[in-house]
Each structure stands twice: as C-alpha cells, then as structure tokens.
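Written out below as structure tokens is the structure these notes cover.
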Amino acid sequence: MASPALICDTEQWKALQAHVGAIQKTHLRDLMADADRCKAMTAEYEGIFLDYSRQQATGETIDKLLKLAEVAKLKEKIEKMFKGEKINSTENRSVLHVALRAPRDAVINSDGVNVVPEVWSVKDKIKEFSDTFRSGSWVGATGKPLTNVVSVGIGGSFLGPLFVHTALQTDPEAAECAKGRQLRFLANVDPVDVARSIKDLDPETTLVVVVSKTFTTAETMLNARTLKEWIVSSLGPQAVAKHMIAVSTNLKLVKEFGIDPNNAFAFWDWVGGRYSVCSAVGVLPLSLQYGFPIVQKFLEGASSIDNHFYSSSFEKNIPVLLGLLSVWNVSFLGYPARAILPYSQALEKLAPHIQQLSMESNGKGVSIDGIPLPYETGEIDFGEPGTNGQHSFYQLIHQGRVIPCDFIGVVKSQQPVYLKGETVSNHDELMSNFFAQPDALAYGKTPEQLHSEKVPENLIPHKTFKGNRPSLSLLLPTLSANEVGQLLSIYEHRIAVQGFIWGINSFDQWGVELGKSLASQVRKQLHESRMEGKPVEGFNHSTSSLLARYLAVEHESFFLLGVVTAILEML
Ligand code: F6P
C-alpha cells in the first residue's frame, strides 16, 4: 500500500490527535507530582542537561511522538542529510552544514565528492589570514595594522555570527584574545545603520568584510558600496585591496566588485544562509576578532552535537526530543509561538538568530512535494534574556496566552560576582529566576491558596494563575566557545527535526522573494520620479498615495554620496 502523502493522514498522527483530550484533562501540577515521570523526562549529553518534565506530556505522549518519527522516516531523513543527498529538492541542493565542522579526516560527499578537504582548505586559509591580520603584519594603505572589522551582511550572513560574537564577548578566554580589537556588524540598508557601524572608526585601521552567499543581496551590496566609498574617499582607490575582503559562493561577482580574489573566502551552495555561521561567513570575522583557535572550539562544540544527533537513540537525543515536543505543541496542542528565554546576557542574540533559523526554515504552506498543508508549520519565535523578559512580556505568558518556553541557563557564569554581605552571588540571583519561573508557569496559583493568604476577595481573580503552562529547561555547564557551538547545533537540528516530521522543505526560502521583487519595482519608480520627475504609476491607490507623500519631500542628501557623512554629523 502506498504511504500517505501527508503526515496528518497517518495513524500515528491521528493517535496523537486522539491523545490530546487525555492530556488536556491533566494539569502540570499533577504530572509534576510523579517523580518517576520527571526523572524519565530528561536527557543529558556532555554535561548539557535537558529537563522536559514541564511539557504537557506523559510517557505515552513521548511513545506516540516516537512512533510519529518512525512513520515520518525521521531516521532516514537525518541520514540523507548527513550523507549529502539533495534533500533541498526545490533548489536541488544538499544540506551539509554539518560538514563545516566535521573533523579533518571525515568523509562527507556531495555529488560524489568528499567536501571535507575543501572545507578545511578554506579554514586553513582563514587561519593563515587571521594570524597575519592579528599579528599586525597585515597593514592598511597607510602602513598601520588594522584592529577594527566591520562585517557587512544580512540575514544568515549576519545573525549567526552576531549571536556567536555576542556570546563570546564576555567569555574570559575569548575576551583576552580580542583585547584591543572591535568587531561590528552592518546589516540594515538604513543609512542610520551605516552611520552607527562606522561611528568613531577610522578607515585607516578598519577592515571591511563583505559577507554574502549570493553577492547580489540589494542591502548588502549597497552597504558594501557605501563602505567602499568611505574607504576610497579617505585613503584612495588602491586602499580597497588592503581594507576590503569578502566571503561568498560567488567569487566571480566578488572580483567584479573590486575585491582581490586572493582575499575572498569561499563557501558552497550546499550551505544554507541561515545555516552558514560555521562556514567562512562566521569563521572569518570571528577568527579576526578572537583568533582561529577559539573559533575552532566553537566548531568542535557544534560537531559534538552533530555526532550526538546522528548517533544517539531518539529517546535520549536532545535535538530530536526538542523537535518532537515542538511539533506536539504546535500541531496538537495548538500553541503557535515559542519563547526563547536564556538566563544569560551573553545569549542576548540567540532569539534573533533562532527567529531566522526557525521561521525561515519552517514557515511553509506546502509539503516538500508541493501539496497544500491542512496543518500549520513553524512557530512564532521570540525572546529576550531573563530577567529582562520577566519585566516585559512575562505577564502575558503567565496569565494571558499559553506560550511554550525554552528556559536556558548556565551553571557557571562567564563573569562571576559575589558581593560581600549579599545573600547570594549575582549569578545565583539570576538563576533563582531560571529555576522559579518554570514552576510558576506549571503550577500557577489557585484561588484557594489566595484565600488562605487572606487576599481580598476582589483581587482573587486578578491574582489567580491557572498554571499548566509548558516549558522546558536546558542547563549548560558553562558558556565558552564550545557550549556556544553546542547550543547552535542543538537548535539547528531541532528545527530540521520539526521540518522532517511536518514533511516540508526546511532548507529553501521562497517566501522572501515576492517582497524583494516588489521592492525592485518601487526602487525603479523612486529613481524615475526623483531623476526624471515621472509620476507614480502602476501601483494600487494606497501605495500610490504613500509614494506620492514620500516623494513630495526632497531628499537633501540625494545627490551626495555623503549620506553617511550627513548622518554621522548629526550623531
Ligand atoms: O532574504 C533571505 C536571504 O536569502 C536569507 O536566506 C539569507 O541569509 C539572506 O537573504 C542573505 O543572503 P546573502 O548571503 O546571499 O546576501
């Protein structure tokens, strides 16, 4: 018998649907009273501890989810990914970000060719270049060593590297290696971002890294041209060779842009943009800032989770369990969002990275075979570091909507402080919240409890917490480069698991194209109206009036390439 086209047509999916009623009759308060259940709902790998006992799930739910994984052919799909099969079928590409962090002697084929030697040859080139750069032997146009790096890129060519950079900034070992250096990012095409990214920087001591998989992304290319102009106007055209380098799969366009091909670092079309932080996209700017050995530790962390994901049984496999639970929350319990709540300021850019990783991967409307889906895929990811989030949106999470939460904590702080006379260390203060919040969400507070506390009658409804709000806790031993890599890989694979179960292609992103092409039409109109006075034509009433209103004000700096200068002067 032919297997059903969509996962929702399988018996295993239907069994989970039928199981929802039983789960909805339970309360986390009661589920948490079962210590054996809580003990079973954990997994550990290299000191990373996952506790998912606060999910609205029982052992039976997990069994049913594992059966769903079986019928969804999860194991086979993971193997296909690791073996370089072209699982990104709409772009006819392999999905091999795992090869970017594989050891030198690994064999991973794409199109019958082992890609690992190529990966390592780029990494060796990055190591050599970053050693030269950091030693001060690489000098700029005026003979000075360069200490500042501006990485120009957007989306996957920005968010992953920003996340890792932010996480490493306060790690003592990484910080020591970065002394006297700056790494900044320029992503938004907004000239305000240009101004901010180069504020107080001198082109004489700055290296610009243009990062773009395609080297055609409108925002990145305009920002790259703007920074090129910044360098050239100050140091002359010959300075580009020493002050601009690139990362791309399109080395032809890099050359056409005017960057010396010797200073270009390649990656490959089998690396998706949002999965590219372990390619030169992240490895180059991070090595310039921290040195290659620190970045290698990050890559090894990611690789260790790749091994765990590939070889551990699903019952104890952290990314698999996380992915299955997310499918349970989205598709069966009907929760459309997920909050990412690291109790670590160093992880402040985790949620923005996961927003792209998850929503660009799994926000799809059709199956991998093009069949419209009768169920939703993907979730709305958002988050903030605790405790900041607590003083912002947690009200809604506690008493408004039900949002499954990922609590991420670290046992040992990167920057411990213990003030004499204080009850606890600063990190213990932070972590008190990490431990308390999941229980507050799970247990809530009943009117009976409030009565016993003699709370005035009129406040009882306002102070009642229904509880039964799911979360999971991920506790990392420390947060050095290794754990940052592990965390990244956990989320990458969790998101892939979700896509594999939903039967979608998590590795394309056609949904970003329509807006881009409409922007081209608007760009043309703006040019023709400003340069030739052409009236606004071909848009609907609303867009036409908005454009007319916008065009009615002359842009003073329009004819000057000095937009940046103008804004800088205002700052
Ligand atoms: O707009 C979406 C996207 O294609 C992302 O997937 C990608 O990370 C980003 O644009 C940047 O693309 P590129 O690296 O080619 O400039």
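Counting starts at 1 for both ligands and their atoms, in listed order.
Counted within 6.0 Å of NZ on Lys125, heavy atoms from surrounding residues, nucleotides or ligands total more than 12; the atom is thus considered enclosed. Within 6.0 Å of atom CZ in Arg549, 12 or fewer heavy atoms from other residues, nucleotides or ligands are found, so the atom counts as exposed in its surroundings.
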Side chain to side chain donor-acceptor pair (under 3.5 Å) for Thr249 and Trp268? Distances and angles first, verdict last.
CA-CA 5 Å; Thr249 58; Trp268 307 271; over 6 Å; no
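The distance between the ring centers of Phe298 and Tyr290 does not fall below 6.0 angstrom.
Protein residues with a heavy atom under 4.0 Å from ligand 1 are Ile154, Gly155, Gly156, Ser157, Ser212, Lys213, Thr214, Thr217, Gly273, Gln356, Glu360, Gln509, Val512, Lys516.
Annotation: cation-pi geometry not satisfied between Lys73 and Phe500 (NZ/CZ under 6.0 angstrom from ring centroid, within 45° of ring axis).
Residue pairs meeting the side chain to side chain donor-acceptor pair (under 3.5 Å) criterion with at least one member in residues 350-359, sequence neighbours excluded, are Arg338-Ser358, Gln356-Glu360, Ser358-Asp381.
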